[in-house]
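The next block holds one structure in the form of structure tokens; read it before the comments.
Remember, it's 1-based here, ligands and their atoms both numbered in the order they're listed. For clarity, every value in this text was computed on a predicted model and none was experimentally measured. The chain is numbered in sequence order, starting from 1.
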Amino acid sequence: MDPRDELLIQLKNAAGWKSGEELSRQMAMTRSAVWKHIVKLREEGYNIESSPRKGYRLADPDLIVASDVLKDLAGGLFDRPQSRFLRQTASTNLDARHLAETGAPEGTLVVADSQDSGKGRRARKWFSPPGLGIYLSFVLRPAISPAEAAKITLLTSVSTAEALSELTGLQARIKWPNDILAGGKKIAGILAEISTELDSINYMVVGLGLNINVPLGAFPEELRGTATSVLIETGREFSRAQLLKAILRDFERRYGAARRDGFQSALKRWRELSDVIGKNIRVETAGETVKGTVVELDRDGALVLRDSRGAVRRFLSGDIIRESR
Ligand code: BT5
């Protein structure tokens with residue numbers, strides 16, 4: 001293991017101060033070598049306090065450490081040496097796209113502690129406060145047609161909702177096509193981007209933003225009525241690394257199952273978690289707004305709507321707004 005990663009894990013597990021002497025013994029290196037690594041880690045942006053008497057302490061105990069995450073994903077889809085764990089970046093989706101363009105294999109991850117320009121769909125922004133959420137993107141190269149790409153978003157939604165419910169006890173729901181809600185508010189969003197070649201997918205980048213330990217007051221004013229976090233909903237803080245691993249494990253399992261047997265079982269769960277069939281809604285797309293009643297979520301992940309004139313319309317993307325009757 002990279003010695004700096006090992007140092008981070010030692011400090012994280014200590015959950016408080018750890019003496020330089022102990023660190024040097026456990027890591028089988030001199031105290032001055034420990035110090036040099038600490039200096040490097042600080043340069044990379046890790047907030048490590050030091051005290052001549054007590055030793056060292058990680059100021060952010062909820063840090064996501066690469067090797068800690070990767071060891072739990074060893075041997076699977078996300079076991080990729082090309083993966084990046086960053087303190088800070090503009091957008092993990094952008095990073096993952098660059099990696100994909102230069103040949104990074106399926107399963108390559110980009111995880112960041114904070115983003116300066118987190119992206120939503122249609123040039124919207126994703127609020128990404130440092131250390132309080134998951135900002136993750138991964139590269140996929142699925143052998144499906146571009147028309148089926150929405151299925152990957154729905155798979156990611158199911159995995160996120162399931163892992164959230166399992167670890168935190170929250171009743172997470174899915175709002176078509178890419179939002180996860182808790183207590184009726186947005187707790188996570190997914191941004192899938194696709195690069196196509198003729199009629200096949202060259203690569204896909206799936207981005208997930210999940211609000212974990214964000215207190216209400218930390219959200220910008222304009223999001224306070226619509227956004228939420230695990231902390232707000234449960235009153236408790238949760239480990240970001242644990243949630244990250246649970247989501248990735250669930251996704252890996254479902255993606256494998258979909259490749260073997262198709263998307264049916266994920267689709268079934270997605271429909272249960274979506275709870276939108278029969279509801280009166282408005283769909284806003286880039287070009288138009290259509291009112292109607294949801295007939296179904298079809299096998300490609302499209303929303304099928306009967307509009308006020310009785311015509312049936314199918315949407316693969318857009319935003320839905322619930323209409324009151
Ligand atoms: C999304 O877009 O919901 C997709 C968000 C994907 C973010 C991840 S983070 C890691 C990866 N790297 C990136 O750069 N992006 C991905 P959309 O459905 O267009 O929703 C965007 C809207 O959600 C904004 O216009 C706000 O109204 C709202 N919003 C922004 N930040 C939020 C947050 N942290 N929590 C809840 N709502 C938020």
> Where does the angle between the aromatic ring planes of Trp35 and Tyr56 fall among parallel (under 30°), tilted (30 to 60°) and perpendicular (over 60°)?
Replying inline: parallel
> Below 4.0 angstrom, N of the basic side chain to O of the carboxylate: do Asp95 and Arg84 qualify?
Replying inline: no
Looking at ligand 1, does any of its N/O atoms fall within less than 3.5 Å of an N/O of [X]?
| X | result |
| --- | --- |
| Tyr135 | no |
| Ser117 | no |
| Arg121 | yes |
| Phe127 | yes |

Within the 4.0 Å heavy-atom shell around [X], which atoms of ligand 1 are there?
| X | value |
| --- | --- |
| Ala227 | 35 (N), 36 (C), 37 (N) |
| Ser137 | 11 (C), 12 (N) |
| Gly209 | 7 (C), 8 (C), 9 (S) |
| Thr92 | 10 (C), 11 (C), 12 (N) |
| Ser91 | 12 (N), 13 (C), 14 (O) |
| Gly189 | 3 (O), 4 (C), 5 (C), 6 (C) |
| Asn211 | 33 (C), 34 (N), 35 (N), 36 (C) |
| Gly118 | 14 (O) |

>> Atom CD of residue position Glu21 - does it have more than 12 heavy atoms of other residues, nucleotides or ligands inside 6.0 Å?
In response: no
Indicate yes or no for a side-chain donor-acceptor contact from [X] to the backbone of [Y] under 3.5 Å, with no hydrogens or angles considered.
| X | Y | answer |
| --- | --- | --- |
| Arg271 | Ile277 | no |
| Lys151 | Ala266 | no |
| Asn178 | Leu191 | no |

What part of [X], side chain, backbone, both or neither, has a heavy atom within less than 4.0 angstrom of ligand 1?
| X | value |
| --- | --- |
| Leu208 | backbone |
| Gln115 | side chain |
| Lys186 | both |

> Cationic tip of Arg87 within the cone over Tyr46's six-membered ring, i.e. under 6.0 Å and within 45° of the normal?
Replying inline: yes
> Going by atom types alone, do Gln115 and Thr92 pair a side-chain donor with an acceptor below 3.5 Å?
Replying inline: yes
>> Which option wins on minimum heavy-atom distance to atom 37 (N) of ligand 1: Phe138, Trp126, Phe219?
In response: Trp126
> Hey, looking at atom 1 (C) of ligand 1, which of Asn178, Leu191, Leu136 has the closest heavy atom?
Replying inline: Asn178
>> If you apply the rule side-chain contact (heavy atoms from CB on, under 4.5 Å), what do you find for Lys18 with Leu11, and how did you get there?
In response: CA-CA 7 Å; Lys18 187 139 180 148; Leu11 289 172; 4.3 Å; yes
>> Tell me whether Lys125 reaches ligand 1 (any heavy atom closer than 4.0 angstrom to a ligand atom).
In response: yes
